[in-house]
Amino acid sequence: MDNYKSLTTKAGCPVSNNQHSMTAGPRGPVLMQDVHLIEKMAHFNRERIPERVVHAKGYGAYGTLTVTQDITQFTKAKIFSDIGKQTECFFRFSTVGGESGSADTERDPRGFSMKFYTEEGNWDLVGNNTPIFFIRDPLKFSDFIHTQKREPGSHLKPNWMKWDYWSLSPESLHQVMFLFSARGTPKSARFMNGYGSHTYSLINHSGERHWVKFHVKTMQGIQNFTADEATRMAGEDPDYSTRDLYEAIARNEFPKWKMSVQIMPESDAETYHWHPFDLTKVWPHEDYPLQEVGIVELNRNPENYFAEVEQAAFEPNNRVPGISFSPDKVLQNRVLSYGDAHRYRLGINYDQIPVNQAKHSKVRTYHRDGSMRVDGNHGNAVNYEPNTYGGPMEDPAYDEPPLKIEGEATRYNSYTCDDRDYYEQPKMFYQHTLDDLGRKQLIQNLATSMNKVPKNIQHRQVYHFYKVDKEFGEQVAKAIDVNIEDALKAWET
Ligand code: NDP
């Protein structure tokens, strides 16, 4: 803090009084010439920038990724070039549906956004605390998110909207079951896993492509609130998770996560029995085991929340040579929509906000001007290409190997939409991943949320649970007073 210096206006002119407005006489009206008052109020009125439409409530910290295992056979990305190599990073964690003042402990997926400041530019891995998602076609995203937000008429958040949508979208089932399991209310970022969720690609020095999924698993152990604790904490300490990470780092208790990858040879994608680019599916570990890559440690709190967390902009299109996209439809759309959201929320020059800047790679573009350009705008350097003045040029060495794609352009449903597609992985989760307590908690949490939902919606959803596992469907039905026979007829009409 710049203590004991005179207060100034934004133009740097000294301010003589910050407590008493200038008035005409001691009881008279305020004068227009009180420029300090006017400036102060004008700035205050503009303090808020548009809230993120999703992931509005969040917190974050800086740290490092240290490479522990060699994956250079799969990727030429310099971030992974040597064991022991360290790269600075910034992570932001968030709930999805709530506004920026909402409780950290709400049942909701958690955003798990990672920005690595590599020497080849920023690599953003913009994930969640779940390896899957509710939808697998981006055309459904805004409809789905509307069901997680407020009802247009009442501005309330009734549960029937989400169950209406989910029960009509059976591909959501896998993620719905994660969400209503104990991991739907993690205590804080320190105690949850992160997943890249999408399939990405890795490209090695020989130009070979492998498909990859990223897993970032907590080394503090998983810790969740029970449903009752989460509800209580929403009243007692709605910022519980924000506080937990901030105070742990302030105490020098630095949380760590182990980063691993699942690697699939490019050609396997054509024959693998799960759609490899379907965001509602995992790749079972038996088929593609986890391979450790490195350890992330978060060890530095931001100094200013607005500057560094609120203005942080993550985008899946920030990728570095050796790490790239896949045909996952939702990823393809996120490549567009994240930058688009930042341009709206922060302005076209959002990449110059310090937390978003490339820290270890020099930015050389021909982008110029735009609202709030404050970095010198590349001075008098030539602003077009090609040019004969030594300006930066493209480098074909960074071309990716071609990806074979064929077919006629139309609106395909590329999923089988049969029982195996909708119910098989949820069944693996219910029958093998969850233990008895986990299944009991899942049923209780579902019942609490579905209890007051209209009967026709309850019937449709119970039917899906029954198709996952007969006993599961029956138990949810019992818990919400639904006649299972009625539920099983739900899809007949
Ligand atoms: P595995 O038994 O090899 O792996 C199960 C995975 O589930 C582990 O990654 C474990 O991660 C995670 N897990 C354990 N308990 C829970 C829980 N209560 N809630 C959520 N995740 C949990 O099985 P498969 O790979 O064959 O997958 C079986 C099912 O496990 C899948 O259908 C999926 O629902 C779930 N799953 C699979 C993942 C994958 O990438 N294959 C990842 C996460 C879940 P942890 O170390 O965190 O306990």
Side-chain angles (χ1 to χ4, degrees), residues 93 107-110 112 125 127-134 136 166 170-200 210-227 230 255-264 268-269 272-293 295-296 326 328 415 419-446 464-465 467-469 472:
F93 310 98
R107 184 171 302 283
D108 209 0
R110 301 296 190 265
F112 200 112
L125 185 56
N128 278 331
N129 71 331
T130 61
I132 47 174
F133 197 58
F134 299 94
R136 52 193 176 184
W166 285 334
E171 72 270 30
S172 64
L173 196 52
H174 199 189
Q175 172 82 326
V176 166
M177 288 169 60
F178 266 65
L179 179 60
F180 285 86
S181 77
R183 294 196 189 188
T185 47
K187 272 196 177 168
S188 122
R190 289 199 295 152
F191 306 110
M192 68 190 194
N193 297 338
Y195 302 88
S197 305
H198 298 287
T199 298
Y200 289 88
H210 288 80
W211 305 116
V212 62
K213 283 196 186 278
F214 290 94
H215 300 248
V216 184
K217 292 208 183 194
T218 174
M219 295 172 73
Q220 288 66 243
I222 296 278
Q223 286 189 31
N224 305 306
F225 282 124
T226 64
K256 292 192 173 82
W257 289 261
K258 186 184 286 181
M259 179 185 276
S260 303
V261 287
Q262 287 179 287
I263 302 275
M264 179 189 288
D268 278 21
Y272 185 45
H273 60 97
W274 293 112
H275 189 322
F277 310 122
D278 176 349
L279 185 54
T280 67
K281 301 288 187 297
V282 295
W283 299 350
H285 294 130
E286 198 180 29
D287 298 343
Y288 297 99
L290 291 184
Q291 305 186 38
E292 182 181 326
V293 173
I295 306 283
V296 172
S326 81
D328 178 327
Y415 308 103
D419 280 9
R420 180 172 187 272
D421 183 16
Y422 290 146
Y423 305 120
E424 195 61 26
Q425 289 212 355
K427 188 189 298 254
M428 288 156 58
F429 179 66
Y430 185 78
Q431 295 182 347
H432 302 299
T433 307
L434 294 180
D435 58 13
D436 283 344
L437 177 63
R439 284 186 279 269
K440 197 170 155 215
Q441 288 168 326
L442 170 65
I443 291 163
Q444 272 172 358
N445 295 337
L446 287 168
H464 294 312
F465 295 144
K467 295 282 281 184
V468 170
D469 181 282
F472 176 37

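On a predicted model such as this, the values are computed, not experimentally measured, just so you know. Note: hydrogens, waters and symmetry copies are ignored here, and every other heavy atom, side chains too, is used. First listed ligand is number 1; within each ligand, the first listed atom is number 1.
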Requested in this report: Compute whether any side-chain donor of one residue and acceptor of the other, for Y200 and D328, lie under 3.5 angstrom apart.
Outcome: no
Requested in this report: Can you sort out which atoms of ligand 1 are near H285, meaning under 4.0 Å from one of its heavy atoms?
Outcome: 1 (P), 3 (O), 4 (O), 6 (C), 8 (C), 9 (O), 24 (P), 25 (O), 38 (C), 39 (C), 40 (O), 41 (N)
Query raised in the report: Hey, is W283 touching ligand 1 through its side chain, its backbone, both or neither, going by heavy atoms under 4.0 Å?
Result: backbone
Query raised in the report: With only distance considered, is T433 within less than 3.5 Å of ligand 1 through an N or O on each side?
Result: yes
Query raised in the report: Centroid-to-centroid, H464 to Y422, below 6.0 Å?
Result: no
Query raised in the report: Considering Q431, M428, E424, which one's heavy-atom position lies nearest to atom 27 (O) of ligand 1?
Result: M428
Query - K217 and ligand 1 - part of the residue with a heavy-atom distance under 4.0 Å - result: side chain
Query raised in the report: So which of T130, N129, L434 gets nearest to atom 18 (N) of ligand 1, if we judge by its closest heavy atom?
Result: L434
Query raised in the report: Does ligand 1 have a heavy atom under 4.0 Å from the side chain of R183, from its backbone, from both, or from neither?
Result: side chain
Report task. Would you sort out whether Y423 and D469 count as a side-chain hydrogen bond (donor to acceptor under 3.5 Å, both in side chains), showing the intermediate values? Result -> CA-CA 9 Å; Y423 305 120; D469 181 282; over 6 Å; no
Query - Region of P284 engaging ligand 1 - heavy atom pairs below 4.0 Å - result: both
Query raised in the report: To which protein heavy atom is atom 36 (N) of ligand 1 closest, and what is the distance rounded to 0.1 Å?
Result: F178 CZ, 4.0 Å
Query raised in the report: Would the Y288 and W211 ring centres measure less than 6.0 Å apart?
Result: no
Query raised in the report: Are Q175 and T280 close enough, and set up right, to give a side-chain hydrogen bond (donor to acceptor under 3.5 Å, both in side chains), and what steps lead you there?
Result: CA-CA 7 Å; Q175 172 82 326; T280 67; over 6 Å; no
Query - salt bridge (Lys or Arg N to Asp or Glu O under 4.0 Å) partners for D278, two or more places apart - result: R136, K281
Report task. Assess whether side chain to side chain contact (heavy atoms under 4.5 Å, CB included) is satisfied between I263 and V212, documenting all intermediate values. Result -> CA-CA 5 Å; I263 302 275; V212 62; 4.1 Å; yes
Report task. Please confirm whether R420 makes a cation-pi placement over W274, using NZ or CZ under 6.0 Å from the six-membered ring centre and within 45° of the ring normal. Result -> yes
Query raised in the report: Is ligand 1 under 4.0 Å from a heavy atom in the side chain of H174, in the backbone, in both, or in neither?
Result: side chain
Report task. Please verify whether a non-hydrogen atom of H432 lies at under 4.0 Å from ligand 1. Result -> no
Query raised in the report: Under 4.0 Å from ligand 1, counting heavy atoms only, is it the side chain of H215, its backbone, both or neither?
Result: side chain
**Report entry** Which residue and heavy atom of the protein sit nearest atom 42 (C) of ligand 1, plus the separation
**Finding:** P131 CG, 3.7 Å
Report task. Answer with yes or no after comparing the ring centroid distance for Y195 and F214 against a 6.0 Å cut-off, counting only values under it. Result -> no
